Amino acid sequence: MVVLAASVTSKSGKALVSRQFVDMSRIRIEGLLAAFPKLIGSGKQHTYVETENVRYVYQPMEGIYLLLVTNKQSNILEDLDTLRLLSKVVPEFSASLDEEGICKHAFELIFAFDEVISLGHKENVTVAQVRQYCEMESHEERLHKLVLQSKINETKDVMKRKANEIDKSKIERGKLEKGGYSSLQSMSSMGSMGSIGRMDNSFSNDMGISSGNTFGGSSGFGLTSDVDSFSSKSKGRPAASVAAPAKGMGMKLGKSQRTNQFLESLKAEGEMIVEDVGPSTNPTRPAAQPLTDPITFTAEEKLNVTLKRDGGLSNFDVQGTLSLQILNQDDGFIHVQIESANNPEIKFKTHPNINKELFSNENILGSKDPNRPFPAGQSGDGLGLLKWRMQSKDESAVPLTINCWPSVSGNETYVSIEYEASSMFDLQNVVISVPLPALREAPNVRQVDGEWRFDSRNAMLEWTILLIDNSNRSGSMEFVVPPADTSVFFPISVRFSATSTFSSMKVASVVPLKGGAPPKYSQRTQLVTESYQVV
């Protein structure tokens with residue numbers, strides 16, 4: 001059997017997805033697919049049609065045709081077996097069997113076709129194996145994406161910092177210009193008083209007051225001309241030729257330079273300098289992802305863990321929420337079939353308007369009143385449908401354990417820290433924050449698996465691992481600081497995220513109550529740390 005191409009076309013013969021397994025030009029495959037609808041006769045029950053050169057083996061699927069183009073010498077029974085397997089694979093990767101859904105998942109379908117057919121011959125695989133092969137991820141690819149995203153975030157931070165520096169320099173330049181103007185006025189007054197003081201004592205006392213008043217009254221004219229002449233002359237000759245003004249301006253500039261040095265020293269210590277140039281926003285809060293599907297489900301679990309430094313678990317609490325966001329009110333008449341891990345330690349609690357009996361018996365989330373839809377246009381995370389909580393004293397449920405071993409030897413303190421991650425989750429953006437004694441310089445980090453950063457302002461050492469998966473379930477860091485009490489290095493704070501949860505909560509299907517095709521939906525799953533400490 002030789003399969004020339006596997007294709008998905010519309011009823012009119014428009015090629016939506018086509019994978020060729022032999023050397024074939026685009027014009028030839030488009031011609032074969034365009035001629036296919038004309039060869040199908042109305043009212044026939046056959047699933048194949050032949051021409052002089054090729055054979056079409058096809059199967060209608062709602063608004064599309066699943067089509068195999070083979071040579072006439074191929075085994076028709078094996079072709080039908082291949083077509084039957086592809087007809088099961090296509091719905092696995094495209095929930096909606098229409099032109100829009102097929103085009104949206106075109107690349108996934110092509111990869112699936114490659115797993116089923118190799119060099120024109122059918123592989124001995126099942127639908128589950130095809131799904132498993134296509135979902136396999138590369139650790140190097142994920143690590144590369146995380147590194148790339150971290151570089152992008154770092155570049156954005158540098159851009160914001162540079163923008164703040166530019167705005168600050170503009171403000172300082174404006175202050176200097178105003179300061180130079182006032183210093184010129186005061187220096188002119190001092191020069192006038194100095195020239196009068198060289199006169200006779202009795203005469204200078206009388207004239208000093210009157211001349212000062214006269215200068216103050218006529219400063220609207222005399223000072224303007226002086227400033228103009230000074231600014232025009234200073235461009236052509238050095239400032240040293242005007243002794244008195246240079247001394248006054250030097251005092252102003254010196255103060256500004258000391259201020260700049262102080263700000264720069266604060267920045268070098270890790271302190272963020274915020275300028276009063278406009279309303280500031282919180283850069284640490286991630287922007288909400290825009291909704292693209294009519295219905296969006298978000299399953300989020302927040303983890304609160306307290307570990308003892310000598311071993312053991314003090315607190316383990318997981319609180320989860322399944323929320324719903326609907327764009328169009330007409331899509332609110334639905335029932336939601338959910339699936340979760342069969343864990344007796346997880347206690348569920350539904351929204352007051354949810355039918356509790358339906359949820360208890362069939363794991364379906366639906367409104368008590370079938371004529372009342374779920375509300376649309378919810379802000380934030382949407383409408384909370386279901387909440388659950390899990391508490392445990394079993395230390396094996398902890399996804400990440402931290403061991404810290406500080407020891408004082410002579411004039412130094414050696415600190416060894418190691419982590420061990422459970423195989424339950426792949427953890428992302430792991431940051432382990434270790435408090436330090438007050439240091440003027442960064443600690444001597446002798447060995448680290450990952451990256452580290454010293455925050456001198458907050459006396460904190462941050463150990464960062466972008467991704468923890470099967471390749472690095474354990475790691476360590478060792479550093480040396482001056483002699484200090486071992487209790488200084490606690491409590492250790494940890495934060496991370498994951499794309500899977502303890503409850504394995506997911507939406508299996510969405511059933512419309514008013515009939516018709518099931519609406520499109522997407523679901524997001526995440527596990528985040530709310531409080532994770534070693535005390």
Side-chain angles (χ1 to χ4, degrees), residues 95-96 288-289 291-305 315-394 396-399 424-425 497-531:
S96 59
Q289 298 180 0
L291 300 178
T292 57
D293 295 289
I295 301 175
T296 302
F297 297 93
T298 302
E300 184 184 50
E301 287 185 353
K302 295 181 179 180
L303 183 60
N304 292 272
V305 174
N315 178 44
F316 181 87
D317 184 32
V318 178
Q319 298 182 10
T321 305
L322 177 65
S323 57
L324 166 67
Q325 288 177 296
I326 300 177
L327 296 181
N328 190 357
Q329 187 66 59
D330 295 335
D331 295 328
F333 296 91
I334 56 174
H335 275 176
V336 182
Q337 179 74 55
I338 64 171
E339 294 179 357
S340 63
N342 188 14
N343 190 344
E345 295 181 348
I346 300 177
K347 307 301 180 182
F348 293 96
K349 185 177 181 181
T350 59
H351 191 275
N353 293 331
I354 295 296
N355 190 334
K356 293 181 174 57
E357 183 179 358
L358 183 64
F359 172 74
S360 301
N361 297 332
E362 304 181 30
N363 278 347
I364 294 179
L365 296 174
S367 178
K368 289 182 178 179
D369 185 3
N371 297 323
R372 182 181 179 184
F374 290 113
Q378 292 285 335
S379 60
D381 295 332
L383 174 66
L385 301 180
L386 182 66
K387 292 184 178 180
W388 60 93
R389 188 173 185 179
M390 173 184 172
Q391 292 179 319
S392 176
K393 294 296 183 180
D394 187 6
S396 63
V398 177
M424 294 185 296
F425 304 104
S497 63
T499 57
S500 55
T501 58
F502 285 91
S503 62
S504 300
M505 176 64 64
K506 68 176 182 178
V507 176
S509 62
V510 176
V511 180
L513 298 180
K514 293 187 176 182
K520 296 181 180 179
Y521 68 95
S522 63
Q523 50 185 328
R524 305 168 182 171
T525 305
Q526 63 177 353
L527 171 69
V528 296
T529 55
E530 191 171 50
S531 175

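Because only heavy atoms are used, hydrogens play no part in the values below, and waters and symmetry mates are left out as well, while side chains stay in. None of these values were measured; they are calculated from a predicted model.
If you run side chain to side chain contact (heavy atoms under 4.5 Å, CB included) between F374 and each of N353, I295, I354, only I354 comes through.
Looking at heavy atoms from C-beta onward, L383 lies in side-chain contact with P375 at the 4.5 angstrom threshold. Looking at M505 and I338, their side chains come closer than 4.5 Å, going by heavy atoms from C-beta outward. For the pair Q329/P373, a side-chain contact is recorded, criterion being any heavy-atom separation below 4.5 Å from C-beta on. Contact annotation: the side chain of L386 approaches that of F359 to within less than 4.5 Å [non-hydrogen atoms, C-beta and beyond]. Looking only at side-chain heavy atoms (C-beta outward), L303 and P399 come within less than 4.5 Å of each other. Looking only at side-chain heavy atoms (C-beta outward), T298 and R524 come within less than 4.5 Å of each other. Looking at heavy atoms from C-beta onward, L365 lies in side-chain contact with L322 at the 4.5 angstrom threshold. By the 4.5 Å heavy-atom criterion applied to side chains, P518 and V510 are not counted as neighbours.
For the atom pair R389 CZ and E301 CD, the distance stands at 13.0 Å (nearest 0.5 Å). With values rounded to the nearest 0.5 angstrom, N363 atom CG is found 9.5 Å from N361 atom CG. For the atom pair D293 CG and Q523 CD, the distance stands at 10.5 Å (nearest 0.5 Å). From M390, atom CE reaches atom OG1 of T501 across 10.5 Å, with rounding to the nearest 0.5 Å. Rounded to the nearest 0.5 Å, atoms CG (N304) and CD (Q319) are 6.5 Å apart. Rounding to the nearest 0.5 Å gives a distance of 11.5 Å between NZ of K506 and CD of Q337.
The two residues P512 and A517 come nearest to each other via the heavy atoms CG-O, 3.9 Å. Here the closest non-hydrogen pair linking F297 and L385 is CE2-CD1, 4.4 Å. In this structure, D331 and P294 approach most closely via the heavy-atom pair OD2-CB, 3.5 Å. Listed here is the closest heavy atom pair of A397 and M424: O-CE, 3.4 Å. Nearest heavy atom pair, residue E300 against residue Q526, reads OE2-NE2, 2.8 Å. In terms of heavy atoms, S323 sits closest to G382 at CB-C, 4.4 Å.
Aromatic ring pairs are classed by plane angle as parallel below 30°, tilted from 30° to 60° and perpendicular above 60°; the pair W388 and F348 is tilted.
Side-chain atoms of S367 do not come within 3.5 Å of backbone N or O of P370 as any donor-acceptor pair.
With sequence neighbours left out, the ring pair (Phe, Tyr, Trp, His ring centres under 6.0 Å) criterion links F425 to F502.
A side-chain N or O of S396 and one of D394 form a donor-acceptor pair less than 3.5 Å apart.
More than 12 heavy atoms of other shown residues, nucleotides or ligands fall within 6.0 angstrom of atom NZ in K520. Surrounding NZ of K349 are at most 12 heavy atoms belonging to other residues, nucleotides or ligands under 6.0 Å away.
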